[in-house]
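To start, the structure under review is shown below, and the notes come after it.
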Amino acid sequence: MPDAQPLPLPQDLSQIKRVGLIAGWGRYPVVLAKAIKATGREIVCLAALDHADPELEDICDVYRWSAIGKFGWATRFFNRHNVSYATMAGKIHKVRLYDPGFLWRQAPDWYTIRCFAKHFLFRKADCKDDTLLLTAIRAFEARGVTLLPGTVFAPELLMRRQLLTKRVPSAAQWQDIFFGWKLAREMGRLDVGQSVDVKNQAVLAVEAIEGTDAAIRRAGTLCKSGNFVVVKVAKPGQDMRFDVPTIGLGTVQTMAEAGASVLAVEAKKTLFIDPEETIRFADKHKISIVALLEEDVDDPSPEKLFATSLLERAPIPAAVLTDAAEARS
């Protein structure tokens, strides 16, 4: 495969009049498509077979389904529709790679085989998420389609540093947040997964190929008493073009079913889908959602956790400060 030659990002983004959308599973592609259309741009959508939401057909100007294995066809499709810049949104269920005959059912074309042979045929490269997605990006860029982060077109989807719900984590749960954060960061560095589930500074579940929701459910089966903490963070050096941490209503619904009570995520690097509906559900089920920065977890002492306010929406209750002092003593 020739070396990728990505186009430079225009200084004036208004020059991009038509955007390619490679859509996977979940609400994010729909939300992003609506945000892009609101800017007055046209959308040429390539919808992943068995993954993308059919609602996208009513939003996008051009819409085609495609098997995951047709990178040659996909690049020609974008070229025919004069798409120079595109973005990826939504999840591709990697676990399906291990279904019998999956790759051949996806009908890989010759260009796809050439691009991914080192991963699946010759075993000279690994199949970690970042490795495969970077190969996919290079496949598009080698044929004149530059992949951009979705947040270039919809920066408002990124969470800011704040407490988003009425409920504030307890002192013990703050300790679990900071404990879990460092573990989740390390799992991200290894490209294993984005989230961990913890209680009393013990690990209940670590996300891998199954995804965040399945890991939360597994933690719920192992922790019958519930009330555990979910921590989801970006990878160190996160490439914002793909696999960006995302939360939404489905995440907190799964937490409610499993018995989790706190969700901590990384501000400025996590996408928040359908925030108003998600926050209402979380408040109804007494789930706390907090978005933090990496600098907030450098020192996990109670003095830092509670004496300096991490919250933009609500003050820290005096009872929590008292619990923090007792936890320290």
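Values below: all heavy atoms of this structure, side chains included; hydrogens, waters and symmetry mates excluded.
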How far does [atom1] of [X] sit from [atom2] of [Y], to the nearest 0.5 angstrom?
X      : Y      : atom1 : atom2 : answer
Leu183 : Ser195 : CG    : OG    : 11.5 Å
Arg18  : Ile36  : CZ    : CD1   : 13.5 Å
Ile216 : Leu204 : CD1   : CG    : 11.5 Å
Lys268 : Gln238 : NZ    : CD    : 16.0 Å
Lys128 : Ile209 : NZ    : CD1   : 13.5 Å
Thr246 : Leu158 : OG1   : CG    : 9.5 Å

State, yes or no, whether a side-chain contact exists between [X] and [Y] at a heavy-atom distance under 4.5 Å.
X      : Y      : result
Arg280 : Leu249 : no
Ile22  : Leu147 : yes
Thr278 : Ile289 : yes
Phe179 : Val229 : no
Arg241 : Leu133 : no
Gln173 : Asn227 : yes

Please enumerate all residues that pass side chain to side chain contact (heavy atoms under 4.5 Å, CB included) together with [X], with sequence neighbours excluded.
X      : result
Ser288 : Leu163, Thr165, Arg167, Pro169, Val262
Arg123 : none
Trp73  : Leu46, Arg64, Ser66, Lys70, Arg76, Phe77, Arg80, Asp109
Val30  : Arg27, Lys34, Asp53, Glu55, Leu56, Ile59

Any ring-ring contact (aromatic ring centres under 6.0 Å, His included) pairs touching residues 15-50, not counting sequence neighbours?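 Pairs touching residues 15-50 that pass the test: Trp25-His93.
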Who passes salt bridge (Lys or Arg N to Asp or Glu O under 4.0 Å) against [X], sequence neighbours left out?
X      : result
Asp213 : none
Lys284 : none
Arg189 : Glu186

Would Phe78 and Thr75 count as a side chain to side chain contact (heavy atoms under 4.5 Å, CB included) if you check the C-alpha gap in whole Å, the side-chain angles of each, and the deciding distance to 0.1 Å? CA-CA 5 Å; Phe78 280 147; Thr75 54; 6.0 Å; no
Passes side chain to side chain contact (heavy atoms under 4.5 Å, CB included), Leu21 versus Tyr63? Steps please. CA-CA 9 Å; Leu21 174 62; Tyr63 182 86; over 6 Å; no
Quick check: closest heavy atoms across [X] and [Y], and the distance to 0.1 Å?
X      : Y      : value
Phe153 : Leu148 : CZ-CD1, 3.9 Å
Cys223 : Lys199 : SG-CD, 3.7 Å
Leu164 : Phe272 : CD2-CE2, 3.4 Å
Cys115 : Ala139 : SG-CB, 3.8 Å
Val265 : Trp181 : O-CZ3, 3.6 Å
Val297 : Lys182 : O-CE, 3.8 Å

According to side chain to side chain donor-acceptor pair (under 3.5 Å), who are the partners of Thr221, at least two apart in sequence or on a separate chain?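 Expected list: none.
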State whether the number of non-hydrogen atoms from other residues, nucleotides or ligands found under 6.0 Å of Glu156 atom CD is greater than 12. yes
Show your working on side chain to side chain contact (heavy atoms under 4.5 Å, CB included) between Asp129 and Gln194 and close with a plain yes or no. CA-CA 11 Å; Asp129 291 351; Gln194 297 175 333; over 6 Å; no
For the pair Ile177 and Leu292, evaluate side chain to side chain contact (heavy atoms under 4.5 Å, CB included) and give the outcome as yes or no after the intermediate values. CA-CA 10 Å; Ile177 288 171; Leu292 308 174; 3.9 Å; yes
Positive for side chain to side chain contact (heavy atoms under 4.5 Å, CB included) with Leu271, one of Ile247, Leu32, Thr151: Thr151
Val203 reachable from Leu222 in the ILVMFWY side-chain graph, under 4.5 Å edges: no
Could you give all pairs that pass the salt bridge (Lys or Arg N to Asp or Glu O under 4.0 Å) test and reach [range], with sequence neighbours left out?
range            : value
residues 169-180 : none
residues 222-237 : Asp130-Lys235, Asp191-Lys235, Lys235-Asp243
residues 250-266 : Arg185-Glu266

Test salt bridge (charged side-chain N to carboxylate O under 4.0 Å, His left out) on Glu210 and Arg218 and set out the steps. CA-CA 10 Å; Glu210 80 280 28; Arg218 188 168 75 253; 2.7 Å; yes
Are any side-chain N or O atoms of Asn79 and backbone N or O atoms of Arg143, one a donor and one an acceptor, separated by less than 3.5 Å? yes
Between Thr270 and Pro245 (side chain of the first, backbone of the second, donor and acceptor by atom type, cut-off under 3.5 Å), is there such a pair?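 No, because the side chain of Thr270 does not come within donor-acceptor range (under 3.5 Å) of the backbone of Pro245.
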Between the side chains of His119 and Thr135, does any donor sit under 3.5 Å from an acceptor?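 Yes, side-chain donor-acceptor contact under 3.5 Å.
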